[in-house]
Amino acid sequence: MGAGFFNFAIGPYAMVGGLCTSYLVLYEEMNVWAAAAVAITAAALAVVTELVVVRPVQRRSGGGELPALVAVAAVLFAIQQLAGYLFGYTTLPGQNVLTFDPVSVGDTVVQPSTLVLLAFTVVAFAGLAVWIRSTRTGRLLRAVGDSTHAARLLGLPVNRVRLIAFVLSGLLAGITGLLFAPKAGVSSLSGLSWALSGFLAMVVGGTGSVWAPLFGGLLLGAVEVFVPYYFGGQSHVYGLLIVALLFFALKPSGLFVRRVRA
């Protein structure tokens, strides 16, 4: 939202947030909160992506979205290689920013990392929804995301709004990455799979609402949990592929489509 296309580098931003935190805590013996504060400067990578890569590419290509998509895909692999060089290529255990006893819900025991991640997700989505609806900058973000060309014709500050979108996405991704890392660890290769998961969540959920990608992600998460339960092995991979193909073929706009009144 705000950029007009899906930023595939969002996965690497999250990976840097988680991997940098783990590396600083494990190898530099830094306090986890201090390490997290350093790690969420992944937002700076988003600024570099917009100012140094995407903006020049679109300027030279006449504002085309396809060259920008190719450019951010290149950024994805560049960040992946840089993270491997700086932090190593092994998987590191994620670090918990908050520690407390697991919570029992019926017969299920919920780990602290899961609760913190869920709480952050709800707060982030709710805050973003209110911000977009209630502030001028939020409405500008939605307008530019809907149509960059129309926004330019109307004289809206497209470049400034896009930069805000990239900074915000980098910041949220960095925090999400360090909160998600404790669930399965994090490595320099995690960014690619996280980016693909985010893209599929957007495809399934659509872009008609701030909450739409979240519902798409929940549906994909259900597939990953229940398909292996019934079919075993790596069947969830085929389940995700089938879901993606069905939505691409039958409902490419996703579950939620923004309605425009004539």
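Note that the structure is a prediction, hence the values are computed from the model and not measured.
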Discussion item. Set out, in order, the CA-CA distance, both residues' side-chain angles and the distance that settles side-chain contact (heavy atoms from CB on, under 4.5 Å) for Leu24 and Gln95, then state yes or no.
Written reply: CA-CA 10 Å; Leu24 292 176; Gln95 303 300 307; over 6 Å; no

Item to complete: Determine, step by step, whether Phe87 and Leu26 satisfy the side-chain contact (heavy atoms from CB on, under 4.5 Å) criterion, reporting the C-alpha distance in whole Å, the side-chain angles of both residues, the deciding distance to 0.1 Å, and the verdict.
Response: CA-CA 11 Å; Phe87 308 119; Leu26 296 174; over 6 Å; no

Practice prompt. Decide side-chain contact (heavy atoms from CB on, under 4.5 Å) for Val72 and Val54; before the verdict, give the C-alpha distance in whole Å, the side-chain angles of both, and the deciding distance to 0.1 Å.
Written response: CA-CA 7 Å; Val72 295; Val54 175; 3.6 Å; yes

Discussion item. Could you walk me through whether Leu163 and Arg55 satisfy the side-chain contact (heavy atoms from CB on, under 4.5 Å) test, starting with their C-alpha distance in whole Å, then the side-chain angles of each, then the deciding distance to 0.1 Å, before giving a yes or no?
Written reply: CA-CA 10 Å; Leu163 185 59; Arg55 193 172 294 184; 4.1 Å; yes

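Surrounding OH of Tyr85 are at most 12 heavy atoms belonging to other residues, nucleotides or ligands under 6.0 Å away. Annotation for Asp101: atom CG does not count as buried by contact number, only 12 or fewer foreign heavy atoms lying within 6.0 Å. A 6.0 Å sphere centred on CZ of Phe226 holds no more than 12 heavy atoms belonging to other residues, nucleotides or ligands.
Counting heavy atoms from C-beta on, the side chains of Leu219 and Phe247 come closer than 4.5 Å. Taking 4.5 Å as the limit, some side-chain heavy atom of Pro157 sits within range of a side-chain heavy atom of Leu140. Within the 4.5 Å cutoff, no side-chain heavy atoms of Trp33 are placed close to those of Val25. Using a 4.5 Å heavy-atom threshold, the side chains of Tyr13 and Ile79 count as touching. In this structure the side chain of Leu220 never reaches within 4.5 angstrom of the side chain of Ser197, judged on heavy atoms. Inter-residue side-chain proximity for Gln111 and Val116 is flagged as unmet; no heavy-atom pair is nearer than 4.5 Å.
From Leu118, atom CG reaches atom CG of Leu179 across 10.5 Å, with rounding to the nearest 0.5 Å. Distance check, rounded to the nearest 0.5 Å: CG of Leu128 to CG of Leu214 gives 11.5 Å. If you take CG on Leu172 and OG1 on Thr121, they are separated by 10.0 Å, rounding to the nearest 0.5 Å. Rounding to the nearest 0.5 Å gives a distance of 9.0 Å between CG of Asn7 and CG of Leu69. In this structure, Arg136 CZ and Trp131 CH2 are separated by 12.0 Å, a value rounded to the nearest 0.5 Å. Between the CD atom of Glu50 and the CG atom of Leu45 there is a distance of 14.0 Å, given to the nearest 0.5 Å.
Residues Ser190 and Trp194 have side chains that never bring a donor and an acceptor to within less than 3.5 angstrom of each other. Of the N and O atoms on the side chains of Ser113 and Lys183, not one donor lies less than 3.5 Å from an acceptor on the other residue.
In this structure, Ser22 contributes its side chain and Pro93 its backbone to a donor-acceptor pair below 3.5 Å. Remark: the backbone N or O of Ala44 is not paired with any side-chain donor or acceptor of Thr41 at under 3.5 angstrom.
Between Ala181 and Gly18, the shortest heavy-atom contact is CB-CA, 4.2 Å. For the pair Ile40 and Leu178, the tightest heavy-atom approach, listed with the atom from each and the gap, is CG2-CD2, 3.6 Å. Residue Leu19 comes nearest to Ser188 through the heavy atom pair CD2-N, 3.9 Å, listed as atom of the first residue, atom of the second, then distance. What you find for Gly170 and Ala46 is that their closest heavy atoms are CA-CB, 3.9 Å. Across Leu76 and Pro12, no two heavy atoms sit closer than the pair CG-CG, 3.5 Å. The shortest heavy-atom contact between Pro112 and Pro102 is CD-CA, 4.2 Å.
Hydrophobic clustering of Ile, Leu, Val, Met, Phe, Trp and Tyr side chains at less than 4.5 Å, counting indirect connections, keeps Leu241 apart from Leu200. At a threshold of 4.5 Å between side-chain heavy atoms, the hydrophobic network of Ile, Leu, Val, Met, Phe, Trp and Tyr places Leu189 and Leu92 in two separate groups. Put simply, Leu117 and Val122 are part of two different groups of oily side chains (I, L, V, M, F, W, Y) that touch within less than 4.5 Å, one to the next. Cluster membership for Leu168 and Val130, using ILVMFWY side-chain heavy atoms within less than 4.5 angstrom, is not shared. Val109 and Val103 are members of different hydrophobic clusters when ILVMFWY side chains are connected at heavy-atom separations under 4.5 Å.
Take Tyr27 and apply the ring pair (Phe, Tyr, Trp, His ring centres under 6.0 Å) test, not counting sequence neighbours, and it matches Tyr23.
Classified by interplanar angle (parallel below 30°, tilted 30° to 60°, perpendicular above 60°), the ring pair Phe8/Phe199 is tilted.
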